[in-house]
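Take a look at the structure set out below.
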Amino acid sequence: MTQKGADLKKEVMELRGRVRELEETLDAIRSGEVDAIVVSKDDVQQVYTLEGADHPYQALIENIREGALTTTRTGMILFTNTRFADMVQLPIEKVLGTPLLDYICPDFRTEINNAVRMIGRNACRARVRIRQGSSSLPVLISMNALSSDEDTKISVVITDRRKDEERLHLQARLLDAVGDAVIAVDTDNNIIFWNEAA
């Protein structure tokens, strides 16, 4: 084989490799596995984002008032919307890849850790507190498995309950101002509240 034939064969092999890579990229785009493409030209990289059928849902999640997360089965955060990042007072890039338990106040970590382990069988709703800078924030956390397989991802919605807590404190102060004894019990007749007069 002449040098020219060897060069042509090498070029054909390189072109086949590039065509295979382009076909794989197109398949990934068609299946929705790709959200953006980075193109390099003259040492400059440009990002092109793709708008697929799920774009309206992504816009919805980004604009709701609740924190929205997707985690792995072990609780590592794969996605967060801006609202949750605001709740924990961190930029999104600092939240991604971290464990959900890092944001749960210590008194509630066991409950949430157990819920994450059992998520395949039961959805979870719990009133907990999350870390918010140097203080904490009362929230309702709802977790659901996205599939029934062992390696499922978990959908997490976190609702700010600060106004509810403020309302309860106001109601408790009002009951303390009442001159008569007020006692509240649960369905098992356990006392859950009493005012100062009681």
Side-chain angles (χ1 to χ4, degrees), residues 1-104 109 112-124 130-133 141-158:
M1 186 180 290
T2 66
Q3 180 63 32
K4 187 175 181 181
D7 288 344
L8 284 174
K9 189 174 181 177
K10 180 181 176 187
E11 187 176 341
V12 166
M13 295 302 287
E14 287 175 3
L15 287 172
R16 284 184 180 163
R18 291 174 70 185
V19 166
R20 186 173 40 254
E21 185 179 326
L22 288 170
E23 286 174 344
E24 289 172 358
T25 303
L26 282 173
D27 288 341
I29 291 170
R30 286 182 188 125
S31 67
E33 295 176 33
V34 176
D35 293 328
I37 299 173
V38 179
V39 177
S40 296
K41 185 176 181 181
D42 302 326
D43 294 333
V44 175
Q45 291 186 335
Q46 187 160 0
V47 177
Y48 294 92
T49 58
L50 304 175
E51 189 173 300
D54 62 343
H55 179 73
Y57 300 105
Q58 290 174 345
L60 172 71
I61 293 300
E62 193 54 46
N63 291 305
I64 62 174
R65 295 186 316 184
E66 287 79 17
L69 307 169
T70 303
T71 71
T72 63
R73 185 77 167 79
T74 59
M76 183 179 71
I77 298 171
L78 301 173
F79 167 83
T80 180
N81 66 352
T82 305
R83 179 66 181 121
F84 179 75
D86 291 345
M87 285 178 172
V88 295
Q89 297 178 341
L90 289 171
I92 287 177
E93 58 273 8
K94 297 264 187 190
V95 175
L96 294 174
T98 60
L100 174 61
L101 286 179
D102 283 1
Y103 305 98
I104 306 295
R109 285 186 184 155
I112 296 304
N113 192 37
N114 291 339
V116 167
R117 284 200 324 255
M118 303 297 283
I119 200 71
R121 286 179 244 152
N122 300 322
C124 166
I130 60 172
R131 293 184 308 114
Q132 186 180 48
I141 185 167
S142 302
M143 297 188 296
N144 288 292
L146 294 175
S147 68
S148 60
D149 65 340
E150 187 64 28
D151 198 32
T152 185
K153 305 295 185 271
I154 300 170
S155 165
V156 181
V157 176
I158 299 177

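Quick note: residue numbers are just sequence positions, from 1.
I104 and R109 get closest at one heavy-atom pair: O-NE, 2.8 Å. The minimum heavy-atom distance between A85 and I92, with the atom names listed, is CB-CG1, 3.7 Å. Taking each heavy atom of A115 and C124 in turn, the nearest pair found is CB-SG, 3.4 Å. In plain terms, the two heavy atoms of A123 and N144 that are nearest each other are CB-OD1, 2.8 Å. Shown here for T72 and K153, the closest heavy-atom pair between the two residues is CA-CD, 4.3 Å.
With hydrogens and angles ignored, the 3.5 Å screen pairs no side-chain donor or acceptor of R20 with any backbone N or O of L15. A distance-only check finds no donor-acceptor pair linking the side chain of D86 to the backbone of G67 [under 3.5 Å]. Checked by atom type and distance alone, the side chain of R83 pairs as donor or acceptor with a backbone atom of R65 at under 3.5 Å. Side chain of D7 to main chain of K10: no donor-acceptor pair is present (N/O by atom type, distance under 3.5 Å, no hydrogens or angles).
Residues L78 and M76 meet the side-chain proximity criterion, which asks for heavy atoms closer than 4.5 Å. Side-chain contact between I154 and L100 is absent, with no heavy-atom pair separated by less than 4.5 Å.
Counting non-hydrogen atoms of other residues, nucleotides and ligands closer than 6.0 Å to CD of E93 gives a total above 12. Annotation for E14: atom CD counts as buried by contact number, over 12 foreign heavy atoms lying within 6.0 Å.
Partner L101 forms a side chain to side chain contact (heavy atoms under 4.5 Å, CB included) with one of N113, V116, T74 and no other, that one being N113.
Within the model, atoms CG of L90 and CZ of R131 stand 7.5 Å from one another, a figure rounded to the nearest 0.5 Å.
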Query raised in the report: Given the rule in the side-chain contact (heavy atoms from CB on, under 4.5 Å) test, do M143 and T71 qualify, once you have shown the distances and angles that lead to the verdict?
Result: CA-CA 10 Å; M143 297 188 296; T71 71; over 6 Å; no
Requested in this report: Quick one: do Y103 and I158 satisfy side-chain contact (heavy atoms from CB on, under 4.5 Å)? Show the steps, please.
Outcome: CA-CA 11 Å; Y103 305 98; I158 299 177; over 6 Å; no
